Amino acid sequence: MWVRGGSFKTTDYNDVHNSKEGWTGTTVKDNDKKGWNDRRDFAAVVFNEEIWVMGGTTYAAGAAGRKYHSDVYKSKDGLNWTKVKNNDDKGWSKRDNFLLLVMDSKIWLIGGQHAYNLIYNDVWYMED
């Protein structure tokens with residue numbers, strides 16, 4: 001089992017922990033600026049023996065609100081991360097609170113939202 005990132009109040013995290021049985025764990029990666037940036041409301045799956053982290057938001061204080069992401073990162077070990085897609089690359093748009101799953105040898109991304117006034121009902125899949 002892998003536990004990745006998240007948030008508490010106004011602080012976002014990008015730490016990674018794993019556990020074989022679910023109640024004792026090991027810190028694989030501390031919260032730092034390496035790999036994927038701190039975020040909340042993202043999704044992650046294990047696909048082709050790699051962890052994939054996609055989308056989500058980063059808290060921004062004041063009028064800036066949240067910064068939305070559509071970037072994609074992958075890792076074989078939870079410590080070393082490779083960026084696969086930038087925020088401004090073609091493909092699915094910046095969002096959070098979406099469904100991510102693996103089925104039929106593909107990663108599927110379904111729905112989500114951008115702010116509270118733009119709700120997505122689209123479906124994307126990735127084989128690579």
Side-chain angles (χ1 to χ4, degrees):
M1 174 175 24
W2 294 92
V3 177
R4 304 144 319 266
S7 64
F8 179 71
K9 296 185 180 181
T10 59
T11 303
D12 298 326
Y13 299 95
N14 73 344
D15 51 337
V16 178
H17 309 269
N18 69 2
S19 174
K20 292 184 189 259
E21 75 290 319
W23 55 84
T24 59
T26 302
T27 299
V28 176
K29 177 185 172 311
D30 289 325
N31 190 49
D32 57 26
K33 299 300 179 196
K34 297 175 185 173
W36 50 282
N37 61 331
D38 307 349
R39 62 187 64 201
R40 60 182 71 202
D41 303 324
F42 64 95
V45 293
V46 174
F47 176 69
N48 288 341
E49 299 183 20
E50 294 177 304
I51 307 164
W52 294 73
V53 170
M54 301 181 180
T57 58
T58 302
Y59 177 79
R66 293 179 170 199
K67 177 182 178 188
Y68 287 81
H69 303 285
S70 64
D71 51 358
V72 178
Y73 294 85
K74 68 179 182 175
S75 174
K76 287 191 176 287
D77 59 10
L79 178 62
N80 301 295
W81 292 85
T82 301
K83 192 173 209 176
V84 177
K85 176 186 179 298
N86 292 309
N87 277 324
D88 297 322
D89 289 350
K90 292 181 180 180
W92 55 282
S93 57
K94 298 173 184 178
R95 66 187 70 197
D96 65 2
N97 294 311
F98 54 91
L99 176 65
L100 195 64
L101 60 101
V102 175
M103 183 177 74
D104 294 332
S105 299
K106 299 176 181 97
I107 299 175
W108 294 81
L109 183 147
I110 303 168
Q113 67 182 34
H114 188 283
Y116 296 105
N117 58 351
L118 182 54
I119 307 298
Y120 294 105
N121 64 356
D122 52 352
V123 178
W124 295 81
Y125 71 86
M126 297 152 271
E127 297 176 279
D128 60 356

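A quick note: this is a predicted structure, and the numbers were derived from the prediction, not measured.
Residues Met54 and Trp92 meet the side-chain proximity criterion, which asks for heavy atoms closer than 4.5 Å.
Listed by chain and residue number, nothing satisfies the side chain to side chain donor-acceptor pair (under 3.5 Å) test with Lys94 (two or more places apart in sequence, or in another chain). Every residue meeting the side chain to side chain contact (heavy atoms under 4.5 Å, CB included) condition with Asp71, not counting sequence neighbours, appears here in chain and number order: Asn37, Arg39, His69, Tyr73, Lys83, Asn87. Listed by chain and residue number, Arg95, Tyr120 satisfy the side chain to side chain donor-acceptor pair (under 3.5 Å) test with Ser93 (two or more places apart in sequence, or in another chain). For Asp96, the side chain to side chain donor-acceptor pair (under 3.5 Å) criterion is met by Arg66, not counting sequence neighbours. Not counting sequence neighbours, Asn48 has no partner by the side chain to side chain donor-acceptor pair (under 3.5 Å) test. Partners of Asp89 according to the side chain to side chain contact (heavy atoms under 4.5 Å, CB included) rule, which considers only residues two or more places apart in sequence or in another chain, are Lys85, Asn86.
Cluster membership for Leu79 and Ile51, using ILVMFWY side-chain heavy atoms within less than 4.5 angstrom, is shared. Placement of Met126 and Leu99 in two distinct hydrophobic clusters is found when ILVMFWY residues are connected by side-chain heavy-atom separations under 4.5 Å, directly or transitively. Hydrophobic clustering keeps Val123 apart from Leu100 (ILVMFWY residues linked when any side-chain heavy atoms are closer than 4.5 Å, directly or through intermediates).
Taking all atoms of both residues into account, the shortest heavy-atom contact from Ala43 to Phe98 is CB-CE1, 3.4 Å.
Residue Tyr68 shares its hydrophobic cluster (ILVMFWY side chains chained together at separations under 4.5 Å) with no other residue.
Pairs engaging residues 50-59 under the salt bridge (Lys or Arg N to Asp or Glu O under 4.0 Å) rule: Glu50-Lys74, Glu50-Lys76 [sequence neighbours left out].
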Pair up each side-chain donor or acceptor in residues 102-110 with any protein partner under 3.5 Å, not counting sequence neighbours, and list the distances.
| from | atom 1 | to | atom 2 | distance (Å) |
| --- | --- | --- | --- | --- |
| Trp108 | NE1 | Met103 | O | 3.0 |

